[in-house]
Protein chains: 2
Amino acid sequence: MEDEIKNYLSRYIPITNELEEELSKIEFIQSYKKGTILLEEGKISNECYFIIKGCIRSFFIKEGEERTTEFYTEEQAVIPSAYGMKVPSEYYVECIEDTIAGVGTPELELEMYQKFPQIESLNRALGEVIMAKYQDTFAEFKMASPEERYLSLLKNRPDLIQRAPQHQIASYLGIKPESLSRIRKRIMK
Amino acid sequence: MEDEIKNYLSRYIPITNELEEELSKIEFIQSYKKGTILLEEGKISNECYFIIKGCIRSFFIKEGEERTTEFYTEEQAVIPSAYGMKVPSEYYVECIEDTIAGVGTPELELEMYQKFPQIESLNRALGEVIMAKYQDTFAEFKMASPEERYLSLLKNRPDLIQRAPQHQIASYLGIKPESLSRIRKRIMK
DNA sequence: CCAAAACGTTGACTTAAGTTAAGAAATACA
DNA sequence: TGTATTTCTTAACTTAAGTCAACGTTTTGG
């Protein structure tokens, strides 16, 4: 079970026996059923996730409508905006498939960082890479029309279009479900 | 000159004499004239900046048009997407005002992190906070109309509207200059 | 297995952004 | 200071997204 996490880390840092043992001790693998709410609006966020199998989305509710802000799939880290802060979350986090994930908490992280400083270095470096990618995604999003955004999603994350319902994809693209339906029709020619 | 950086850091970690001395030794303060290009598309990015005074924007060129992706002002860190990677930058970085900034390089950073591990911890933590904010910004952007985006910018970064030319603001909002002009007219009633 | 709910498509209409073009206003700099 | 260049505004027109409403399709759960 923990193999996926070990495997993932081993691409970036050497896994010593000591680290391996620590990982098997403190990493907490959980299974969640589709529909499980991992974080509710207004609650304090004390968990982050590393997805081994499944799909998680974050969303918020505005004017009675769900607005999907992100989809996370295998090998991605789900770190709620409010994670580790003492402020209530503005977002919901939900499993949209049966999901298996490693669960982290600020306390576990701190313990880990103290024992294995190279894990903190790795997290800093990875964080910078993820930030850079995210900036690129935002830049592309800004400049693209809704149709281009859909085509780009189709190209970059084709699996999502199968895995998530269309109205969630629509709000992820910043458009209404009716518009997405028309875009799809238009594209099919 | 280095006071601004010391001052900024001191909000998060204690500044020891040793650290202070180090800062004054290795921090490299530079002045740039308005219009200076700090990074060109296609070049390797080896510098990041901490703005003491002035304004920097990043942009790229698509279909012959400049698309502004971000504006950075006092106390903000400018870290190009390609910074420290060995790949050519897709973006330009330009001073749109006379600017004074602390300049960092991957080598300086590494040296710093080795001597003062708490700086790396700080950077990891700050990085997470910045990432969380950025996610919120993106989420808000997605769901807002161009007019709402402009109103939000007016509320959250009113100085930018004075400091940057309108066509740069327009592309930052993901719209055409003509549209921004009409939005402004509409708002003024 | 069936009924209810959730989800997706379509149509008619409204609205605002894109496009193109022209000209006014502001700015740069020789 | 005056001219060239850049920036901003306006107008007429096109296009696609939002809105509202209806209806067909799929999924869910008792």
Please give, in whole Å, the distance from [N] [atom2] to [X] [atom1]?
X: B:K185; N: D:dC8; atom1: NZ; atom2: C1'; result: 12 Å
X: B:Q166; N: D:dT6; atom1: CD; atom2: C1'; result: 13 Å
X: A:E147; N: D:dG18; atom1: CD; atom2: P; result: 13 Å
X: B:K142; N: D:dG18; atom1: NZ; atom2: P; result: 14 Å
X: A:K33; N: D:dT28; atom1: NZ; atom2: P; result: 13 Å
X: B:I183; N: D:dT10; atom1: CD1; atom2: C1'; result: 15 Å
X: A:Y150; N: D:dA17; atom1: OH; atom2: C1'; result: 17 Å

Note to self: If you assign each of B:G174 and B:K34 to its closest nucleotide in DNA chain C, which residue comes earlier from the 5' end?
What the structure shows: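 Per heavy-atom nearest nucleotide, the more 5' residue is B:G174.
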Check: On DNA chain C, nearest-nucleotide positions of A:L180 versus B:S179: which is more 5'?
Finding: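 Here A:L180 is the residue nearer the 5' end.
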Notebook entry, point to check: Can you give the first and last nucleotides of DNA chain C, 5' to 3', that have an atom under 4.0 Å from a heavy atom of chain A?
Noted result: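 Both ends considered, the range comes out as C:dC7 to C:dA12.
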Testing the 3.5 Å rule here: is there a donor-acceptor pair between the side chains of [X] and [Y]?
X: B:S121; Y: A:E120; value: yes
X: A:Q135; Y: B:Y91; value: no
X: A:E65; Y: A:S171; value: no
X: A:Y49; Y: A:E47; value: yes
X: A:E4; Y: A:Y8; value: no

What nucleotide, of [options], holds the atom closest to the side chain of [X]?
X: B:H167; options: D:dA11, D:dT7, D:dT19; result: D:dT7
X: B:R184; options: D:dT9, D:dG18, D:dT28; result: D:dT9
X: A:R186; options: D:dC8, D:dA17, D:dT10; result: D:dA17

Check: Can you name the nearest heavy-atom pair linking A:G54 to A:R163, along with the distance?
Finding: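 Between these two residues, the closest heavy atoms are O-NH2, 3.1 Å.
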Margin query: Quick check on DNA chain D: between A:E178 and A:S145, whose nearest nucleotide comes earlier from the 5' end?
Written below: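 The residue closer to the strand's 5' end, by nearest nucleotide, is A:S145.
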Note to self: Go nucleotide by nucleotide along DNA chain D from the 5' end; which of A:K176 and B:S181 gets its closest nucleotide reached first?
What the structure shows: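 With A:K176 and B:S181 compared, the 5'-side residue is B:S181.
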Next item on the list: Check the pair A:Q168, A:Y172 against side chain to side chain donor-acceptor pair (under 3.5 Å), reporting the backbone distance first and the verdict last.
Entry: CA-CA 6 Å; A:Q168 289 179 11; A:Y172 179 58; over 6 Å; no
